[in-house]
Amino acid sequence: MELLSALSLGELALSFSRVPLFPVFDLSYFIVSILYLKYEPGAVELSRRHPMASWLCAMLHCFGSYILADLLLGEPLIDYFSNNSSILLASAVWYLIFFCPLDLFYKCVCFLPVKLIFVAMKEVVRVRKIAVGIHHAHHHYHHGWFVMIATGWVKGSGVALMSNFEQLLRGVWKPETNEILHMSFPTKASLYGAILFTLQQTRWLPVSKATLIFIFTMFMVSCKVFLTATHSHSSPFDALEGYICPVLFGAACGADHHQDNHGGSHGSGGPGPQHSAMPAKSKEELSEGSRKKKTKKAD
Amino acid sequence: MDFPWDDLALTFSHTSMFPFFDFAHYLVSVMAVKSQPGAVALAWKNPISSWFTAMLHCFGGGILSCLLLAEPPLKFLANNTNILLASSIWYITFFCPHDLVSQGYSHLPVQLLASGMKEVTRTWKIVGGVTHANSYYKNGLIVMIAIGWARGAGGAIVTNFERLVKGDWKPEGDEWLKMSYPSKVTLLGSIIFTFQHTQHLAISRHNLMFLYTIFIVAIKITMMTTQTSMTFAPFEDTLCRILFGWQPQFSSSEKKSEAKSPSSGTGSLASKPSDVASDNVKKKHTKKNE
């Protein structure tokens, strides 16, 4: 009985990992990506004034991961643009989301249950991209673990890592906000996923790739759907990081998380030398916190 | 299609760019560098940096297309003769005794000649870019258009990026996004040549090169002699209204604030001065970007 269930799970995972992505899943990936572009402040106005720049931004949102991975691996940056059908599909989605009469398309897509479906399908594409990216990097560098992790990470997190450049296209230049400083949940999850898939690729993780894709997809889909449904920006890794960071990086990192509540009282209790160092530090942390808030607003 | 000037066009399309047209291109580019505020002082203080900026202005399009196609971005340095030519032009422009070159260049006929010849190199670059991209991607229409555009007009992007990194320029909203006239005309040319290359356009290449070159040279010279800036505003306006103007609440406000000049320019004479003024401002932007 156990064998049977394991067999059917394996087969399920195998067939799941072979579902073609192109029309349906890619479509939902484009829809969600461009939807996030429309949420950015000023994006709608931009599309009216400079449709070309807006289109380019939309393309970056859809294909940023390929462009960045190509850049890292020294392949033509423009490689993916030879994929005419994908580009046309993404352009059509961009046009519908920004210029549909009465905003009908946008309203349909934004309807929460519909959006949840699209978000779930987007995560499927993300996990598959990570797996493909690591396979691709493995093909180039057989023992380059870090290359594999980096490529997978870049493939998974997509435009978030090049957000500064993407903002520059929209006429916003804020070098002080970038994704590496304040990683969002998808970026972190892509990083952890990339590590897992790299371990699997180098045979350190005794599971088949199809199974790993299946499990990780389930994890990502459930997390992301839950986060979208509750409109929360917190990530499931927060609790884990709260435990690990103080161990690995000392108390400073742990204090960073809880600084809003008892940063001041913490400083007053310390001994002499620490006491003198504390005010400067807490000021720095405060500015860090405000910056974080700004980033969230920008998101 | 058969044209009476077929032979002329054929000979014209076999013209080599190297000594004279390239010379004009480098001269115009370096003069553009020199017209930037603080460029001369920088050249005396830090010649290497100034030289590098000048090279970026001269070879920017090639660098961008190399980046896009994953070729070494420093490939342009391998072309020794062109580098030497451009460097010597940079040298005589900035360090000539009594500023002779700048004074010579300030005459309008010289400027017209140089700018016209520079436009000729633009055609050649677009064709080269489209052909080069086609050797990588047989069916990549978008790639061909993008590479042709990058070769022809990508220099503006590279130099703007260089200024951004140096910190003496910040993208203030529109300035970066507003496509200048050369960018637009290069995009148009790139699309035309791509369709010609994929046999969608029933015209031979040398004829198309001939016609397009005459078109851009004529427009450039008209623009320089009449001191106005030629834009595609009327076409763009109608096109935008067809494609993007379905939502009244945005398009009406946008038309009022942004695209004032094309709509009012056709109708009333009273708003003519403001129209010309805005054109002049636009032109300054264009020049800066070039």
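A, B, ... follow the sequence lines: proteins, then strands. Residue 1 opens every chain.
H132(B) NE2: more than 12 foreign heavy atoms inside a 6.0 Å radius.
Note that CG of N160(B) is 9.5 Å distant from CG of L168(A), once rounded to the nearest 0.5 Å. For the atom pair OG (S65(B)) and CD1 (I78(A)), the distance works out to 9.5 Å, reported to the nearest 0.5 Å. How far OG of S91(A) is from CD1 of I142(B): 6.5 Å, rounded to the nearest 0.5 Å.
Shown here for P76(A) and A70(B), the closest heavy-atom pair between the two residues is N-CB, 3.2 Å.
Ranked by heavy-atom pairs shorter than 4.5 Å toward chain A, the options L141(B), I147(B), L69(B), L187(B) are led by L69(B). Of all the listed residues (V143(B), L68(B), L67(B)), the one sharing the greatest number of non-hydrogen pairs under 4.5 Å with chain A is L68(B).
Using modelled atom types and a 3.5 Å distance limit, the side chains of D79(A) and Y136(B) yield no donor-acceptor pair.
At least one donor-acceptor pair closer than 3.5 Å links the side chain of N84(A) to the backbone N or O of N139(B).
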